[in-house]
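Step one of this worksheet: look at the structure below.
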Amino acid sequence: MRSKEEILDQADLILRLDWACVNARVKNEVAPGGLNSSVVYERHYALNWLIKYLNQDWDNVSTDT
């Protein structure tokens, strides 16, 4: 099992990586570091659900960037 701190650190990291992917898409650039924006988004979604971001249900989890 992961500690609460590890999970929150990963949630923070994935938020930043998702932001980088969104920023690249807006600028019509390639995502940095070879990131796959779809994978980053899905991980962001799952981590937000796991940490109960805004107490949202699985079907309504937001991935604000």
Side-chain angles (χ1 to χ4, degrees):
M1 293 192 66
R2 302 288 181 190
S3 70
K4 190 183 301 186
E5 291 78 20
E6 285 179 288
I7 293 169
L8 291 173
D9 285 346
Q10 284 299 303
D12 181 60
L13 174 62
I14 205 68
L15 168 68
R16 294 166 192 274
L17 293 175
D18 197 10
W19 185 89
C21 289
V22 169
N23 190 48
R25 185 175 64 243
V26 168
K27 293 181 176 181
N28 203 29
E29 298 173 350
V30 176
L35 291 171
N36 181 320
S37 60
S38 296
V39 172
V40 170
Y41 171 81
E42 292 298 331
R43 187 166 174 89
H44 189 187
Y45 191 98
L47 282 163
N48 276 1
W49 172 77
L50 187 63
I51 64 172
K52 299 181 182 203
Y53 179 67
L54 300 177
N55 285 327
Q56 297 169 332
D57 293 328
W58 175 255
D59 293 336
N60 298 312
V61 175
S62 63
T63 55
D64 305 333
T65 53

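None of these values were measured; they are calculated from a predicted model.
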Within the distance-only criterion (no hydrogens, no angle test), does the side chain of Q10 pair as donor or acceptor with the backbone N or O of I7 below 3.5 angstrom?
-> no
Do L17 and L8 share a hydrophobic cluster, counting only Ile, Leu, Val, Met, Phe, Trp and Tyr and linking them when any side-chain heavy atoms are less than 4.5 Å apart?
-> yes
CG (N36) and CZ (R43) are apart, to the nearest 0.5 Å, by 13.0 Å
Start with the C-alpha gap between V22 and R25, add the side-chain angles, then the distance that decides, and say whether side-chain contact (heavy atoms from CB on, under 4.5 Å) holds.
-> CA-CA 5 Å; V22 169; R25 185 175 64 243; 3.7 Å; yes
Do V61 and L15 sit in the same hydrophobic cluster, where Ile, Leu, Val, Met, Phe, Trp and Tyr count as joined when their side-chain heavy atoms come under 4.5 Å apart?
-> no
Paired with H44, the side chain to side chain donor-acceptor pair (under 3.5 Å) test is passed by just one of D18, D64, T63, namely D18
Shortest non-hydrogen contact from L35 toward A31 = O-CB, 3.5 Å
If you group Ile, Leu, Val, Met, Phe, Trp and Tyr by side-chain heavy-atom gaps below 4.5 Å, do I51 and L54 land in one group?
-> yes
When rounded to the nearest 0.5 angstrom, what is the spacing between CG in L50 and NZ in K52?
-> 9.0 Å
Donor-acceptor pair, D57 side chain versus D59 backbone, under 3.5 Å?
-> no
Would you confirm whether Y45, through its side chain, and W58, through its main-chain N or O, come within 3.5 Å as a donor-acceptor pair?
-> yes
Going from CG on D12 to CG on L47, what distance comes out if it is rounded to the nearest 0.5 angstrom?
-> 11.0 Å
Give a yes or no on whether W49 and L13 share a hydrophobic cluster (residues Ile, Leu, Val, Met, Phe, Trp, Tyr; joining criterion: side-chain heavy atoms under 4.5 Å apart).
-> yes
Y41-Y53 co-clustered via ILVMFWY side chain contacts under 4.5 Å = yes
Kindly say whether S62 contributes a backbone atom to a donor-acceptor pair with the side chain of Q56 at under 3.5 angstrom?
-> yes
